[in-house]
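Below is one structure, written out as structure tokens; comments come after it.
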Protein chains: 2
Amino acid sequence: MSQAESSRPYHHGDLRRALIDAALALVTEEQDWAFSLREVARRAGVSHNAPYNHFPEKRDLLGAVAAAGFNALRERLRKAVAGTNGPRAALLASGKAYVRSGLENPALYRLMFGPALAAANGAAEAGKRGRAKADSGRPTEVRAAGAGAKAVLEDIILRGAQSGAFAISARSRTELAVAALSVWSAVHGLTMLVIDDITGSDLAIETLVSRLLRTLLDGLAAR
Amino acid sequence: MSQAESSRPYHHGDLRRALIDAALALVTEEQDWAFSLREVARRAGVSHNAPYNHFPEKRDLLGAVAAAGFNALRERLRKAVAGTNGPRAALLASGKAYVRSGLENPALYRLMFGPALAAANGAAEAGKRGRAKADSGRPTEVRAAGAGAKAVLEDIILRGAQSGAFAISARSRTELAVAALSVWSAVHGLTMLVIDDITGSDLAIETLVSRLLRTLLDGLAAR
DNA sequence: GCCTCTATGTGGGCATTGTCAACTTAACGC
DNA sequence: GCGTTAAGTTGACAATGCCCACATAGAGGC
């Protein structure tokens, strides 16, 4: 918006951001990230090669979009948790917000977790040097953003363990990690299946998350 | 192998199968399905356009590969279940087999669930006529194969409900469906997270599945 | 005020891709 | 035999990702 004179300046001002926005818009519209980098450049009103000044490869642009997606998710989870009291309610609220978030923009959600970001490192090249098991080729930017979102969930688990709502030792890192991972897996998996539309269920998604999480919570308490 | 004379016949014999095999091999080797259709044709020893006699689009070839993947998964689940007694043990065994299966060929697993198959229907075109919610554009072949694999799990749930091992009414379709979906979501989600290597846990995958499923089972029993 | 440096954007080019069209080959029914 | 037709072939086209050499402009030393 700013400085958008008809005499567009040679230098864009904040092309990097503009490219990320354009790419996000494309992902959202087309529900796919198969669009061309050139198309993104067109949208941003620059030449087909300008993006290469900011992103070495198309994958890096997608990575930036994914990271933005994780940050947005984190904020939504935070807001959902804010209005609740008690870890159990917090978990249910965040679970619903999580799934809803994924359903609102399936392609973005898939991109965040997808392999499109890891392709170069994780695939053919990995053959030569034995697949790196530690980082699996996902850009650190994305990993960090993902961890940020995950942290919201881990915090709930921790509080639940401390308050005794969940039958987990708050001092066992492993127990906490396994519990958080379990919950995340369940919600993540449900989101994916619903996105793929292969649940075979016509119940409202909110109902499904609730039931799933409640079962899981009961299991945690039953320990 | 059969009939592979030096005088290669004009007609391949079973090109369709050969193409699927080649594509599957490529997915496995490169851990990605970004390879070109032409590359597949080269592997099968035919011209770059021969595949179009069997698959209208690249997506259709990938669909066939995905369907094959689901069928293989179903067989593995069946075998895993066969050696167990009791629904609880069956569920744990199949869960482990499921995750192991996914980890053995992450790219194939992702392809099976991925959006690569739905792209044309589910994306831009959906804008015109209001997204079809019923089939979401996944080829019926893939959907059917997926349902076959899912059926193994549903069968376990049903038996568990009937035997009273799970506190579910065996006569409530909804209850059964929700339970099956819950278990599937959990295992599917865990598989995905492990594939993406973003679990943040260094526990053995078998341990993680066991813990996750046990928690879920306890939750089902606690009803 | 000038001059150079460097980040940023432009245009052209190349190998490769997915898909279309027109032609060729061989197998099978009659 | 002979035509119909499925299955494979070559050739073409626009588009893509990424490379190169060049153009532009703002910043900083002097």
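Reminder, nothing fancy here: chain letters follow the sequence lines and each chain counts from 1. Note that the coordinates shown come from a computational prediction; the quantities given were computed from them, not determined experimentally.
Nearest to the side-chain atoms of H54(A) among the listed nucleotides dT9(D), dG9(C), dT17(C) stands dG9(C).
With sequence neighbours excluded, the residues forming a side chain to side chain donor-acceptor pair (under 3.5 Å) with R43(B) are E29(B), listed by chain and number. Partners of F70(B) under the ring pair (Phe, Tyr, Trp, His ring centres under 6.0 Å) rule, at least two apart in sequence or in another chain, are F113(B). Residues passing the side chain to side chain donor-acceptor pair (under 3.5 Å) test with N71(A), sequence neighbours excluded: R74(A). Evaluation of the side chain to side chain donor-acceptor pair (under 3.5 Å) rule for K150(B) yields E154(B) as partners, not counting sequence neighbours.
Residue D14(A) contributes atom CG, which lies 14 Å from atom C1' of dA7(C) at whole-angstrom precision. Atom CG in N53(A) sits roughly 9 Å away from atom P in dT10(C) (whole-Å rounding).
Separation of atoms CD1 (I20(A)) and NE2 (H54(A)) is listed at 10.0 Å; rounding is to 0.5 Å.
Using a 4.0 Å cut-off, some side-chain N or O of R42(B) falls inside it from OP1 or OP2 of dT17(C).
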What donor-acceptor contacts under 3.5 angstrom involve side-chain atoms of residues 177-195 of chain A, with partners at least two apart or in another chain?
residue: S182(A); atom: OG; partner: V178(A); partner atom: O; Å: 2.8
residue: W184(A); atom: NE1; partner: Y98(A); partner atom: OH; Å: 3.1
residue: S185(A); atom: OG; partner: L181(A); partner atom: O; Å: 2.9
residue: H188(A); atom: ND1; partner: Y109(A); partner atom: OH; Å: 2.6
residue: T191(A); atom: OG1; partner: V187(A); partner atom: O; Å: 2.7

Might you list the N or O atoms of the protein lying below 3.5 Å from N or O atoms in nucleotides 18-20 of chain C, with each pair's distance?
residue: dG18(C); atom: OP1; partner: L37(B); partner atom: N; Å: 3.0
residue: dG18(C); atom: OP2; partner: L37(B); partner atom: N; Å: 3.0
residue: dG18(C); atom: N7; partner: R38(B); partner atom: NH1; Å: 2.4
residue: dG18(C); atom: O6; partner: R38(B); partner atom: NH1; Å: 3.1
residue: dT19(C); atom: OP1; partner: E57(B); partner atom: OE1; Å: 3.3
residue: dT19(C); atom: OP2; partner: Y52(B); partner atom: OH; Å: 3.1
residue: dT19(C); atom: OP2; partner: K58(B); partner atom: N; Å: 3.3
residue: dT19(C); atom: O4; partner: R38(B); partner atom: NH1; Å: 3.1
residue: dC20(C); atom: N4; partner: N49(B); partner atom: OD1; Å: 3.0
residue: dC20(C); atom: N4; partner: N49(B); partner atom: ND2; Å: 2.1

